Every structure is written in C-alpha cells, then in structure tokens.
2 protein chains.
Amino acid sequence: MNKILLIEDNQDVRENTADILELENYTVITAENGKIGVEKALKHAPDLILCDIMMPELDGFGVFESLSKNHKTASIPFIFLTAKSEKTDVRKGMNIGVDDYLTKPFEEDELLDAIACRIKKSDFLKKEFSKNIEGISEFINEASDYLKLEELSNDRNLEKYKTKEYIFTEGTAAHQLYFIQSGNVKTYRTTESGKEFVTGLYGPGDFIGQLSLLGDKGLYVETASVLEDAEICGIPKADFTKLLYGNKEVSNKFIDIISNNLIDMQEHLVDMAYSTVRKRTAKALLELDHKGLIKDSKHTGISIPREDFAGLIGTATETAIRMLTEFKHEGLIDVETNRRLVILDKERLKQISEFG
Amino acid sequence: MNKILLIEDNQDVRENTADILELENYTVITAENGKIGVEKALKHAPDLILCDIMMPELDGFGVFESLSKNHKTASIPFIFLTAKSEKTDVRKGMNIGVDDYLTKPFEEDELLDAIACRIKKSDFLKKEFSKNIEGISEFINEASDYLKLEELSNDRNLEKYKTKEYIFTEGTAAHQLYFIQSGNVKTYRTTESGKEFVTGLYGPGDFIGQLSLLGDKGLYVETASVLEDAEICGIPKADFTKLLYGNKEVSNKFIDIISNNLIDMQEHLVDMAYSTVRKRTAKALLELDHKGLIKDSKHTGISIPREDFAGLIGTATETAIRMLTEFKHEGLIDVETNRRLVILDKERLKQISEFG
DNA sequence: CGTGTATTTGAAAGGGTTCAAAGCGGGTGG
DNA sequence: CCACCCGCTTTGAACCCTTTCAAATACACG
C-alpha cells in the first residue's frame with residue numbers, strides 16, 4: 001500500500017490524522033517538525049507528503065524548497081495543511097508549486113479525497129509511454145481516461161473510409177485529430193519532385209494528426225490516406241487542446257513524450273544522412289514488426305505496397321524491392337502471396353541495422 | 001490599454017469594482033448577468049474576464065463553459081469572484097481550469113495584483129518564438145524572466161572554454177543545461193563509422209543540452225564542443241525542470257515550441273531523404289545566415305571548419321567544399337581569408353534550396 | 001620560416017536512381 | 001468459371017551523384 005509522510009508539530013492533529021489514514025490502509029510515517037520531515041522523506045521516499053506550514057525548526061515552505069532540490073523527492077505529491085484560511089500563505093504555496101492545500105480543521109472525506117486524487121495523478125505521471133510516435137496514442141488514451149473526458153471519441157463522428165481515401169491532406173486547415181478504430185493508415189509528405197516520404201504507419205488504437213493541431217500555422221503538415229479499409233473517428237481540436245493544456249500533469253507528461261520523439265527523430269536524421277539503404281531497410285522492418293504490422297503469431301500483418309515501404313525508408317521503389325529480395329535470399333525474411341512480409345531472423349536483422 | 005469584462009449581478013459591487021479598474025486605466029465593460037456576459041465577451045474580445053459565480057440566468061461555471069467552447073474566447077484569462085470562501089466552489093473552479101479566484105470582499109490591491117499577474121501571463125503566452133531549435137533559447141530566457149528565476153544563470157558557474165574543448169559528450173549523464181555567454185559551439189552525434197552529424201550551431205544567448213535533460217535515459221544524446229573560445233554557464237537540471245514543469249503557462253508554451261521543432265525536423269528528414277546535396281547546401285547556408293552566423297553588416301560571422309559544415313549538411317567534407325566552390329563560381333557566395341563565408345545572392349540561394 | 005593541419009582539386013569506384021521491359025496476380029465482365 | 005486486362009512487383013542495365021582515396025596547395029601557429 002502507499003506510504004504517506006505526515007509532517008505536523010501539533011501532537012493531537014498528528015495522531016488523529018495518522019489514525020484516519022491508517023484506517024484507510026495507508027502506511028503512515030510521522031515527523032514532528034520540518035527538519036525531521038525532510039530527513040524522513042529522503043530516507044523513506046513516501047508516495048505523498050502532508051505538511052503543516054507553521055512549524056518550529058523549518059516551516060512548510062522550507063521543507064518543500066528543500067525537497068524540490070533533490071530529484072528523488074522533487075516529484076512526490078505535496079499537500080499543505082494550513083492552520084486557517086491564511087490567504088497569502090495559500091497563494092504563496094500554489095505559486096511555488098505545491099500540489100494542493102487543506103484548511104484545518106478538515107473533514108475526513110476531504111482529506112482522503114485529496115490524497116486519493118493526488119496519488120492517482122502521480123501514478124499517471126510515473127507511467128512510461130514508448131518513445132516512438134505511437135507512444136502519443138497511448139498517452140492520449142490514458143490522459144483522456146484519467147481526466148474522464150468521455151467527450152473524446154464520442155462515437156458520434158465515426159466514419160468509414162475505403163482504401164486509398166484521404167483522411168486529410170497536407171496544407172489544409174487542421175480542425176480535428178483522428179482516432180483509428182479499425183484498419184490501417186499511412187501519413188506522408190510529398191516532395192516537389194513528386195516523391196512520397198512516409199512519416200508514419202498507424203493501426204487500430206492510434207491517433208493521427210495531433211502534431212498538425214499544435215503547429216503554428218494550424219495546417220496539416222502531412223497527408224493521411226487509408227491502406228486498408230478503416231473506421232475512423234474525428235475528435236475536435238478543442239477537445240484535444242483542453243485535454244492537453246488544461247491539466248498540469250497531462251501537459252508535463254506530454255512534454256516528456258514529445259521530447260523523446262524529438263530525440264528519436266534526431267537519430268533518424270543521422271541514419272538518413274549516413275546509413276546505407278541496406279541498414280535503413282533492416283531498421284524499417286524491425287520498426288514495422290515492433291508496431292505489430294508484420295505477420296506473426298499474434299498479428300495479421302498489413303499488406304503494404306512496395307512504394308509505401310520505399311517511402312518509409314526514403315529510397316526509390318525499385319531499390320527497396322531489391323533489398324527485400326536480397327534479404328529473402330539471405331533467409332532473413334519471407335514474402336507471402338499477398339505481399340505480406342514475415343521476419344525469419346530478427347537477430348540478424350538487428351545486427352544489420354546496427355553494423356551494416 | 002487593456003480591456004476587462006466584469007460580470008457581476010450586484011450593482012454596488014459592479015460599479016465599485018469598475019471604478020477601481022478605471023482608475024488604473026483599464027477599459028471596463030460590464031455585464032449584469034451571465035448571459036449578457038457571454039454575449040459581450042464574444043463581441044468585445046476582452047483581455048481578461050472577472051466573473052461572479054452566483055448569478056441569475058447563467059452562473060459563473062456556465063459562462064466559463066460556454067466561453068471555453070469558442071476558440072476566440074477560450075484563451076482569455078478568467079478570474080472568479082466568490083461570495084465567500086465557498087470551498088467546494090473554489091475547488092470546482094480550479095478543476096475546470098479557471099485561472100484564479102478572488103474572495104469577496106477583496107482589497108483593491110489584491111484585485112489589481114491578480115489582474116496584472118494574469119495579463120502578464122497572457123502576454124507571455126501570446127508571444128511568438130521562432131520555430132527553430134534556437135527558439136527554445138528565447139523561450140527559456142523569457143520564461144525565466146517571467147517567473148523571476150534569477151537562480152538561472154547565477155553567474156556563479158561561469159566557465160571559460162577553449163576551442164575544441166568538450167562541454168559535454170554523448171552518452172554521459174546529463175545534469176546541466178548550458179547557457180552560452182560568448183563564443184560559438186557545435187553539437188553533434190557520431191556514427192559508428194566515425195562520421196560527425198552536426199545537430200546544431202549555437203552562439204551567445206543560446207542554451208544547449210535541454211533536450212538531453214528531458215530524455216528518458218538522462219544521458220546527453222549529443223556531444224557539444226567549442227568552435228571559438230567561449231564563456232559558458234552551467235544551469236542545474238533542477239532549476240530547468242522547475243521552470244518547465246512548475247508553471248502551467250510555461251509548460252504549455254513549451255509544448256508549442258517543441259511541437260513546431262518536431263514539424264521542422266520532419267521537413268529536414270524529407271530533405272535528407274530526397275534532396276540533392278546542392279539543395280541541402282543552399283538550405284544550410286540560409287540557415288546559418290538566419291542564425292546570424294554568416295558575416296554581414298550586423299554580424300561578424302563564424303569561422304566554421306569545412307568538416308563541420310559538411311556534417312551539418314550530412315555529406316562528405318570534399319563534397320561540401322565542391323558545392324561551396326560551385327556556388328562561388330556562380331557568384332552566389334564569397335569566401336574570405338579565414339574561411340569565413342559571405343552570401344552575395346540570397347534570392348538565388350533560396351531558389352536553389354526550393355527547386356534545385 | 002618551417003611544420004603540421006586544413007582546404008582544395010583530381011580521378012576512380014561505388015551505391016542508388018532511373019528508365020525500360022518482363023512477370024505476376026487479382027478483379028471484372030462476359 | 002474462365003479469359004482478359006490493368007496495376008503492382010520484379011528484374012536488368014545504363015547512368016549519375018556522391019564518396020573515397022590520393023595528392024597538391026594554402027594557411028595558421030609556434
């Protein structure tokens with residue numbers, strides 16, 4: 001169960017509060033002043049801290065300040081207990097980044113609600129999302145769940161698309177992001193010379209178009225078209241931005257994800273510049289596999305046109321095909337009747353993707 | 001001066017408050033109930049809204065809800081006026097995303113402070129930062145200024161680096177970001193084959209290493225080394241994360257910037273895949289110029305080694321040199337004695353960078 | 001003023017693209 | 001149900017851009 005550190009100088013309040021919390025199955029650690037509180041926080045790494053403001057030795061602000069400095073304790077949810085509605089204290093507290101405050105005397109329910117709420121938020125923050133673009137999809141799902149935003153994907157906007165239909169096109173105004181219920185979708189950018197560079201492949205459960213909604217110009221920066229018949233649900237921009245900007249936890253988490261995206265992209269850029277097509281092909285195959293788009297025991301795999309596969313690697317269609325046949329001859333992959341790919345030797349592919 | 005919309009049903013309070021605000025030179029628009037308030041908000045697009053919670057026709061929550069729906073009014077700072085410290089109301093308000101609340105009766109100063117603070121925040125949000133990586137530097141500066149974080153660049157960590165010295169290296173633990181006071185710095189990634197891909201060039205006023213601090217692994221993802229003797233000041237990770245995560249305005253703004261970075265990077269990726277070296281060279285030159293690293297009336301320009309310039313384009317040193325001499329013969333650029341570049345025909349370079 | 005490093009030029013080799021043509025497969029209509 | 005046709009895939013060969021290796025030249029620094 002979750003550990004809570006309670007820092008409070010008044011013995012009555014301290015014991016009373018501890019009792020309430022223990023009845024709810026929290027493990028409670030108590031400290032009778034700020035100094036001891038900081039020590040115990042470092043020692044026990046609690047899941048949440050309740051802290052009085054007015055205390056001898058080191059006051060609440062001091063405790064918070066001190067714990068913020070250590071990265072081990074900086075992210076622990078922090079709730080202030082204020083003696084009475086001391087307006088300036090509360091304001092000061094919120095400004096320096098305390099998560100919540102409770103005015104004494106508080107109701108049992110009030111206390112427990114606040115704690116439960118914070119611990120839930122903290123759990124959300126601790127959750128890891130994969131660093132690839134599709135990590136954003138997991139994230140939006142979790143976040144909308146966490147904020148109970150049923151408005152997202154209200155099912156009222158569900159639409160069916162056929163293969164080769166466009167969902168949105170590069171350069172048009174971005175009003176919606178899209179959630180894929182079923183089917184497969186590719187997003188791509190077209191160059192002046194008419195080549196298509198595939199920026200992503202998406203399947204059920206993925207969101208597409210988020211990035212365009214965040215861009216300066218409010219235009220879609222890529223085109224999305226359907227690879228295999230799909231059911232797709234549009235989500236208004238407003239719902240998305242509300243989700244993203246409206247809540248501190250969500251926006252901070254989003255920064256993490258998108259930062260990792262950026263790092264990922266940098267790596268991709270280096271590959272593009274200096275890796276041979278052979279290496280990039282191996283990488284692309286592994287990536288497809290990782291996304292569950294390659295046929296294996298669990299997945300059906302998608303039937304991806306060679307042209308699109310080439311666009312994913314950033315090479316000509318013929319070259320991509322040559323690489324695939326090369327891999328086939330080496331026994332690394334196999335091609336089924338309807339151009340579906342199967343990976344036979346993942347280890348060797350990894351080797352190629354790293355060392356050539 | 002700034003326009004403020006005051007929605008309040010009690011005539012005394014309304015007139016009194018309006019007087020205070022007008023004395024401070026704000027333009028005040030008043031509304032006596034929620035419904036009229038919403039109408040006036042849409043019509044006048046005020047810079048800030050003060051709104052009572054308990055009102056006939058449409059209460060404060062309703063007004064807020066309704067204005068959030070329209071993107072014209074959604075980003076206007078919103079302050080609630082609560083009759084008395086109705087705890088649940090306050091909490092509900094903060095949860096749905098109201099910016100602040102004031103408890104009636106309030107002091108003149110309290111009101112004016114809250115308003116000034118919100119308007120300042122709103123100005124910060126409206127500010128545009130350039131979408132390139134260096135936009136992040138502007139942003140950090142503005143943000144630390146806005147939060148009055150003098151701790152950042154406290155001058156206590158100022159260090160001198162000589163040409164070719166490393167500031168940090170790829171793969172080591174990231175504890176700090178760095179602020180460049182003077183000199184020039186390059187960041188790059190090294191491939192297995194020993195090539196260097198230059199990920200950025202930075203000058204006075206730029207921050208480097210931010211992205212690494214945000215990455216999952218907490219390692220620097222690139223190496224930074226000095227091009228021309230520099231004075232650099234280290235900023236602890238904690239100060240940066242505090243700045244970034246501690247404040248909703250700042251983190252939301254950061255999302256905008258970094259999203260645009262991502263879009264920018266995508267474009268770069270497409271170029272890498274399908275553009276000729278000639279095109280990419282032209283783009284690199286224009287980018288250097290845009291960053292003020294090329295010699296012109298205002299800037300001294302940097303003396304960039306050809307190897308690094310090649311790393312920026314993602315090509316071999318010899319090829320980069322060949323392109324530069326080609327441009328020189330075409331009269332597009334000139335090379336000064338100490339390998340400093342000068343742009344002679346920017347228009348033509350732009351043409352090349354777009355159409356080849 | 002010499003020495004070592006960075007830049008520039010030259011020429012050959014290699015990887016990838018492009019153009020052309022042949023194969024394959026799947027859907028459609030008789 | 002079969003034949004035909006169209007579009008996608010595959011293979012072949014020539015060409016071109018870029019890299020690589022080699023050598024000459026320029027430049028900066030002690």
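Computed from a prediction, not measured in an experiment: that's the story for all the values here. Convention: sequence-line order gives letters A, B, ...; per-chain numbering from 1.
- Applying the ring-ring contact (aromatic ring centres under 6.0 Å, His included) test to B/Phe197 and every residue at least two apart in sequence or in another chain returns nothing.
- Side-chain N/O atoms of B/Thr317 and B/Glu307 include no donor and acceptor closer than 3.5 Å.
- Residues satisfying the salt bridge (charged side-chain N to carboxylate O under 4.0 Å, His left out) criterion with A/Arg339, sequence neighbours excluded, are absent altogether.
- Residues passing the salt bridge (charged side-chain N to carboxylate O under 4.0 Å, His left out) test with B/Lys295 are B/Glu336, sequence neighbours excluded.
- Here B/Lys279 lies out of heavy-atom contact (under 4.0 Å) with every strand.
- Every residue meeting the side chain to side chain contact (heavy atoms under 4.5 Å, CB included) condition with A/Ala224, not counting sequence neighbours, appears here in chain and number order: A/Ile167, A/Phe168, A/Val185, A/Thr187, A/Ile208.
- Applying the salt bridge (Lys or Arg N to Asp or Glu O under 4.0 Å) test to pairs two or more places apart or on separate chains, none has a residue in residues 164-175 of chain B.
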note = The contact string for nucleotides 7-22 of chain C, one letter per nucleotide 5' to 3', using protein heavy atoms under 4.0 Å with B, S and - for base, sugar-phosphate only and none, comes out as SBBBB----SBBB---
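- For the helix from C/dC1-D/dG30 to C/dG30-D/dC1, the end axes, each set by the C1' atoms of five terminal pairs, are bent relative to each other by 40° (nearest 10°).
- In 5' to 3' order, the nucleotides of DNA chain D bounding all contacts with chain B (an atom under 4.0 Å from a heavy atom) are D/dT18 to D/dA28.
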Can you give each donor-acceptor pair under 3.5 Å made by side-chain atoms of residues 349-356 of chain A, sequence neighbours left out, with the distance rounded to 0.1 Å?
residue: A/Gln351; atom: OE1; partner: A/Arg348; partner atom: NH1; Å: 3.1
residue: A/Ser353; atom: OG; partner: A/Lys350; partner atom: O; Å: 2.8

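- Note on residues 174-202 of chain A: pairs passing salt bridge (Lys or Arg N to Asp or Glu O under 4.0 Å), not counting sequence neighbours, are A/Lys186-A/Glu196, A/Lys186-A/Asp308, A/Arg189-B/Glu267, A/Glu192-B/Lys279.
- Counting only residues at least two apart or on different chains, the salt bridge (Lys or Arg N to Asp or Glu O under 4.0 Å) pairs with a member in residues 313-329 of chain B are B/Arg278-B/Glu326.
- For B/Ser212, the side chain to side chain contact (heavy atoms under 4.5 Å, CB included) test picks out B/Ala174, B/Tyr220, B/Val221, with sequence neighbours left out.
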